[in-house]
Amino acid sequence: MARGKLRIHLGAAPGVGKTYAMLSEAHRRVERGTDCVVAFVEHHHRPRTEAMLHGLEEVPRRRLEHRGAVFTEMDVDAVLARRPQVALVDELAHTNVPGSRNAKRWQDVEELLAAGIDVISTVNIQHLESLGDVVESITGVRQRETVPDEFVRRADQVELVDMSPQALRRRMAHGNIYAPDKVDAALSHHFRPGNLTALRELALLWVADRVDEYLKQYRSEHRVSAIWGSRERIVVGLTGGPEGRTLIRRAARLAEKGAGGEVLAVYIAGTDGLTSASPKELAVQRTLVEDLGGTFHHVVGDDIPAALLDFARGANATQIVLGSSRRKAWQYVFGPGVGATVARESGPDLDVHIVTHEGAAKGRGLPVARGARLGRARIIWGWAVGLAGPPLMTVLLGTVHLGLANDILLLLTVTVAAALLGGLLPALASAALGTLLLNYFFTAPLHRWTVADPKNIVAIVIFVGVGVSVASVVDLAARRTHQAARLRAESEILSYLAGNVLRGETSLEALLERVRETFGMESASLLERGDHLAPWTCVGRVGVGRPVRRPEDADVGVPVGDRLALALTGRILPAEDRRVLAAFAAQAVVVLDRRRLQEEADQARTLAEGDRIRTALLAAVSHDLRTPLAGIKAAVSSLRSDDVAWSEEDRAELLEGIEDGADRLDHLVGNLLDMSRLQTGTVALIIRETGLDEVVPMALGGVPAESVTLDIPETLPLVAVDAGLLERSVANLVENAVKYSPDGTPVLVSASALAGRVEVRVVDRGPGVPDEAKERIFEPFQRYGDAPRGAGVGLGLAVARGFAEAMGGTLDAEDTPGGGLTMVLTVRAAEDRGTATPGSPTGHAPPTAAGPRELPAQPERQAS
């Protein structure tokens, strides 16, 4: 069955028109005869959006009850049974009510896609998982409902629904988004112009990056080498010298001038043209370019200008920034230099900037590492001298008679020059040609191919021997230089690889990307051998191009052990590159093993923590459950006994003992269940706007009224919390404070607002807790000091902190001035929550007065 296609309407904020655009697309498809149904669309009582639902078939929703309230969610089974061509699913990042088929709505969508149903959905940029920190820094609100970026990136279409901040605020002011009583609060908080502008920029940049990925894939598939200047990409050529910092900053300024500019710093470990780089300086420059938002790349290339241009064209760069040459004027006799060569060969679509710096024209700090081989130009000059030099010297010697000995030396000089320039073969050609000319024109008998004097034969042999020897030495020196330069390049790459390991950069994808960039390949994959049904599986892949399912399908395959192989596509690598590639492959296996070991360690840590909790639980429960049970059983047995005539006072006392024991059991079991929920991560939140004056008094029911003093101002803002969890947390804090407070000294419970947050302070005058123990008292099954076993199993504070953090708050312990301990519970004020409003966890609409999504006015109070 073919997988369905996913189309997502992405917006910067609620109200930009995502749902309206989705419904408009549905009407267009229905008019074309497409079977399209509404699986789940939330119109939030917006008239125009609600009107768009008319004429579209809606699949009945599934009704679920949770904590005394009835909610409706998408009925996945009903949609699968209906099997439409297209299903509309709103609010992709929504968290389903507990008891639903899946925890998240995007998981519901995944099921529909797997069944071959096309899906059109909506999501806001603030709900992408990777942007959580950025959105929180902009709005001050941490979005707890997110959708994985990878799921959105795999969508077949992502359509941006855009609207200017001014237009969106006008829609809000006109009542087209929220109810009138919520407009002022929204405009002054989440819908501030600055917030909307920043979120809009995030959405535009995210979509632009996705378009850029499509463009790279298209260029790779169609072998497009020409540069398409769709956005400014600036490549900075680094030599490892101190001028690199200047170049990086200049490139960053150039990138800032264009929208979406990108800086790519590249150091090419070449074999000529650049001096040896300082690893320390390269590390500094790497940090600098990453701090400025760019990326650092390390590439091997024999020809520096060609490698730099290949990298720039492969990255679809539009500009190259290079530093002025550090060579002095006389050094230009050896060639034009990297900058001039790059500028000459860059072509009309690639601009080259030559930036001056303090080290320009002051000479190199280290000698130049010469070429891997002699180079094409030197070889051409060697052949030119070897073939043309002997005839020209013969003509010259024919006009000036210097004697045979001088003639031999001069022709030998030409042969040596050919050897120095072109190596062995031009020297051999020059020696052979010079010997023939020397024999024919200068050795008696003249103009004949014979030699009469044996001494002349010796001179000619010596002439040939010297030429061949010099040429051999030059060729050997060139090969040794090539080997040394190659080893230097390899050592730099291996040093960089080792540095990544020491820095803790153990991401498999990052390592494969480094392999791909280093060897200029299209893609890099790590394959693992499986069973006979799936011989090879891909455990990591980067790059574009055709997917590789077997090492035999790749251009380069490096086996690592019996079960793993590194596969590269793009070109055939020479044998001398495979040694470094083998090191990368071995490191990739180490990274993979480390990742799996880390996963196993995490699982073992979780199991160990569970074992520790179970052990402590059994140790605590063995006494703390037995004590109240024994008291209850003794009281009940006494009341049922016929041997003793109990007075009314005695019967009341026994019944009170039974009630106290039952309360202790209820409190203990409640804490145990709460701790279990926290440990397993199954705490379900229903966040709503709540007043502290409604919740805190209910949390004091378990303690005597005279033991607590309450100070909750009526002017406090509403808080964004789960009322049941907040009540449970406050109850545990108050009970703990009363337990340690001296008799006759009440516990103070006060609240205050500060910078968009509300603090609840529970102040006691007990013995207090030292600083080193303040964190330990929040651990499960911890009782501070010499508290008796009957005081509880030590879960109250652990549960209180767990619930506080689940609601996005904090719980900390402070010293009470004058002695004692103060527990500070901090929660978020409702007006600082952006658009995360009741009944809509994804933050699209405020609470409604009625309807299937309505929350109960007051959730049931949990056992405390």
Side-chain angles (χ1 to χ4, degrees), residues 624-625 627-632 634-635 648-672 674 691-714 723-751 759-769 777 783-801 803-804 811 813-814 816 818-825 858 860-864:
D624 291 288
L625 275 179
T627 300
L629 283 175
I632 293 173
E648 290 300 325
E649 291 79 3
D650 293 335
R651 294 177 62 85
E653 185 177 352
L654 290 173
L655 290 174
E656 183 180 357
I658 295 174
E659 185 177 10
D660 290 341
D663 288 341
R664 288 179 58 187
L665 283 178
D666 180 69
H667 181 76
L668 175 61
V669 172
N671 274 336
L672 291 174
D674 290 340
L692 286 180
D693 53 351
E694 300 176 5
V695 178
V696 175
M698 297 181 64
L700 307 182
V703 296
E706 66 276 4
S707 63
V708 178
T709 300
L710 193 59
D711 180 17
I712 306 294
E714 296 182 358
L725 298 188
L726 178 61
E727 178 191 338
R728 193 86 173 94
S729 299
V730 175
N732 283 353
L733 295 178
V734 172
E735 291 172 6
N736 182 77
V738 170
K739 183 189 306 179
Y740 289 99
S741 290
D743 294 337
T745 304
V747 171
L748 173 62
V749 180
S750 63
E759 291 184 350
V760 179
R761 307 178 77 87
V762 180
V763 184
D764 68 56
R765 292 293 179 178
V769 176
I777 62 176
R783 284 189 293 267
Y784 178 68
D786 54 355
R789 295 290 300 183
V793 295
L795 284 176
L797 295 183
V799 169
R801 172 173 275 190
F803 283 169
L811 177 59
E814 299 178 357
T816 301
L821 188 68
T822 298
M823 292 293 179
V824 182
L825 175 62
Q858 178 62 47
E860 295 182 8
R861 184 184 177 193
Q862 302 181 39
S864 60

Distance-only check: which donor-acceptor pairs under 3.5 Å involve side-chain atoms of residues 699-712, not counting sequence neighbours?
residue : atom : partner : partner atom : Å
Ser707  : OG   : Pro704  : O            : 2.6

- prompt: Where do Val696 and Val734 land on the side chain to side chain contact (heavy atoms under 4.5 Å, CB included) test, with the steps shown first?
  reply: CA-CA 10 Å; Val696 175; Val734 172; over 6 Å; no
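- Contact check for Val749 versus Leu733: no side-chain heavy atoms found under the 4.5 Å cut-off.
- Partners of Glu814 under the side-chain hydrogen bond (donor to acceptor under 3.5 Å, both in side chains) rule, at least two apart in sequence or in another chain, are Arg761.
- Closest of all the heavy-atom pairs between Leu692 and Ala751 is CD1-CB, 3.8 Å.
- Of the possible polar contacts, one joining the Ser741 side chain to the Ala737 backbone as a donor-acceptor pair under 3.5 Å is found.
- Taking Thr816 as the reference, Thr822 meet the side-chain hydrogen bond (donor to acceptor under 3.5 Å, both in side chains) condition, with sequence neighbours excluded.
- How far CG of Leu655 is from CG of Asp650: 11.0 Å, rounded to the nearest 0.5 Å.
- With sequence neighbours excluded, the residues satisfying side-chain contact (heavy atoms from CB on, under 4.5 Å) with Ala813 are Lys774, Ile777, Phe778, Leu821, Met823.
- Ala800 approaches Ser729 most closely through the heavy-atom pair O-OG, 3.4 Å.
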